[in-house]
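What follows is a short report on a single structure.
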Amino acid sequence: MRVVIGEGSCGIAAGAGGVHAKLEELFAQSNPTDAELGITGCNGMCFLEPIVDVYDNKGELHRLVKVQEKDAQAIYDAVVANDLSLVDTLAITAEDEAFLNKQTRVALRDCGVIDPESIDDYLAHEGYAAITKILTTGMSQEDVIQQIDIAGLRGRGGAGFSTAFKWRAARDSKGDQKYLICNADEGDPGAFMDRAVIEGDPHSLIEGMLIGAYSIGASEGIVYVRAEYPLAIVRLTKAIEDATERGYLGNNICGSDFSFTLRIKAGAGAFVCGEETALIESLEGKRGMPRLKPPFPAQAGYWLKPSNINNVETYANVAWIINNGGEAFAAMGTKDSKGTKVFALSGKIARGGLVEVPMGTTLREVIYGIGGGIRDNKEFKAVQLGGPSGGCVPASKLDTVIDYNELAATGAIMGSGGMVVMDESTCMASMARFFLDFTAKESCGKCVHCRMGTKRMLEILDRIVAGEGQEGDVEKLEDLCYAIKDGALCGLGQTAPNPVLTTIRYFRDELEAHIAEHRCPAGECQALISYSINKDVCVGCTACARQCPVHAISGSPKQPHEIDQTICIKCGNCKTACRFGAVVVA
Amino acid sequence: MSKLPPSDLSLIEPTLKTYANTPGSLIAILQATQEAYGYLPMDVMEHIAQKTNTPIATIVGVATFYAQFRLEPVGKNLIMLCQGTACHVNSSELISKAITDELGIEDGQTTEDGLFSLEHVACLGCCSLSPVMMINGQTYGRLTPDKARKVIRSIAAASKEGDEQA
Ligand SMILES: Cc1cc2nc3c(=O)[nH]c(=O)nc-3n(C[C@H](O)[C@H](O)[C@H](O)COP(=O)(O)O)c2cc1C
């Protein structure tokens, strides 16, 4: 038997490390059946972490979920007894299994399946078969790019540019030295697809980069990984070492005259460095300020040499395309958007995690069919796509299909894959303020429109959520939005207004309620709400009074309590503390 | 701020040697500096400027551009509170208030006893566990204000105990 623990950083955060240690201890003491203990990356079912997969002697998978350290003994006993029905209470439900069964996995094909720290495991799953095929059957650069072209692969980093087009441009660009760069900066606050790929299947990224490097004629590659992903850096470092040792990186790969080396550069925390020219500046050790385009990186990139930059997920699709053919990839999706897309589903969703679906799937299917709808029986309000560059799509647009153009038509964007679901208790004005706060802080300061404009927008949104909005504020916001879009050099400024524009487009009423009526319909904006206790529901358990930091709640035990509005600071502690739903927000 | 004693410049020598002939290594050098000293002391940056023949303005310019770099020492325990979208939607604001309430520090500040620093950070990527904070590399998820307070109190207790034993 094999006992495999899901150890992506989210699994570890949920306690997988402790479960692993405990199991290791038990098996170290005695292992009568020679069971093996192993690890794998994130299979995307974050809502069930920590997850332990047990493969029985017939190779059948028994998935155990929400495993705690205290369950380790029972799992150990079941494995030793060769009877997994003993841990049936931990087994995944059929309903939860639907989360995975409804997906189509290309980029995530091996995530949560293989051991990310074992190159042999990758090799056993068609690993390095694509690059071997290319180098040993004499496929030309154009042959490879042709397959990517037929596949219709578009960049998964946000802009959705044709990958084949970029590769041809870099190939045709003249230069003694070319670079292939991977953008693993994953800056959208609410996205973790790229992290899952690197932590769960680092060799698939390396292989995709090898193929890209061969196609454009690059001999040196760099992966720019954001600093907040220490585990991804550890696993990728090991994968690069192992691939080098086995001859998949280095000189004369697979006996050919193609040579390629790869190294990692850790980012230092700046959202704008996800923009490709800012990323290049940062690679050169400078402040990450975007360059004027043209020249494009394909002409003059890293150290002004021809360079190609793609996103992690883009590269993760490449080996699959070569192995299965461009047509197989293009068979999935819509006319302009082929293949699959990975989304990081989070927020007020019942089943949150990583979801990979064919393009052309509706948002409704992802949120309800796979994600199980909204948590706590609340009402769906909007879904945020594309983070600070994207927008909120309302309930009326839930049947929009996942397609670059269709999503752009809603005012949001495909983005890199962040999908944050909001319910009726989320205030859209506050949400817009959240993103502007983000972009105002992250603006690099190079362009006045972006630097000052986002700040002015933030000031307006600040006063709106504080209940001090003024008539005409919405129009002022709109003016600023268009001015910033026109005046900014890079995508950060050009897209920063999107969250506000979609809020105005779909939730104008809610903004106006803040401004004209000093009311927050969602009950979130502190300045505009008050807390009180429903006397009919309150049982007088005193939990709220004990949590109140300013002692604004009075009442005797077993008697309904009361909040003194003159003292209350609206921290919400009482509402969180109340187990009876007696604290109401108005 | 009180004047700090001069830093031990020998800590950074191996790094300067490693990168001596690699152009574009400033960020990597500063990352190694922070690793060694816990922050970027001014005198060390001046030393790097001299050794690498780089204007000090360039170095401070890079140091202040990136969120990762700190120009002041941090407390013994660094609380990194996630500011991602999922955490925002799941009320990370309340966690931030609870921490401020518990320790009397805001984003970027350190407690007087030097035990805790609070830093608001960009998405930690554990969105399904939101709201989330990370302390000394350990992630704490599905936080409530109460849970956050308990975590901090237990770390404070453990730190003090450790000190007494030392
Ligand atoms: C402000 C800003 C941030 C970006 N952040 C990222 C990022 O985190 N990851 C990414 O792959 N692309 C990001 N991009 C897009 C890149 O500029 C670039 O288009 C992409 O890396 C190209 O790869 P692709 O064609 O494979 O998508 C960002 C763009 C902008 C304007």
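The model shown is predicted, which means the values in this text are computed figures rather than measured ones. Chain letters run A, B, ... following the sequence lines, proteins first and then strands; every chain starts at 1.
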Search all heavy atoms of [X] against all heavy atoms of [Y] and return the closest pair with its distance.
| X | Y | answer |
| --- | --- | --- |
| Gln68(B) | Ala227(A) | NE2-CB, 3.7 Å |
| Leu26(B) | Gly285(A) | CB-O, 3.7 Å |
| Cys127(B) | Ser346(A) | CB-CB, 3.6 Å |
| Ile27(B) | Ala268(A) | CG2-CB, 4.1 Å |
| Thr85(B) | Phe435(A) | CG2-CZ, 3.6 Å |

Taking side chain as C-beta onward, heavy atoms only, is [X] less than 4.5 Å from [Y]?
| X | Y | result |
| --- | --- | --- |
| Trp303(A) | Pro23(B) | yes |
| Cys273(A) | Tyr66(B) | yes |
| Thr64(B) | Arg287(A) | yes |
| Leu129(B) | Phe47(A) | no |
| Arg149(B) | Gln547(A) | yes |
| Met134(B) | Glu228(A) | no |
| Pro145(B) | Thr576(A) | yes |
| Val89(B) | Lys348(A) | yes |

(message) Please classify the contact between Arg195(A) and chain B as side chain, backbone, both or neither, with a heavy-atom cut-off of under 4.5 Å.
(response) side chain
(message) Under a 4.5 Å cutoff for heavy-atom pairs, which residue among Met422(A), Glu49(A), Arg226(A) has the most contacts with chain B?
(response) Arg226(A)
(request) Starting at CD1 of Ile349(A), measure out to OG of Ser128(B) and round the result to the nearest 0.5 Å. (result) 12.0 Å
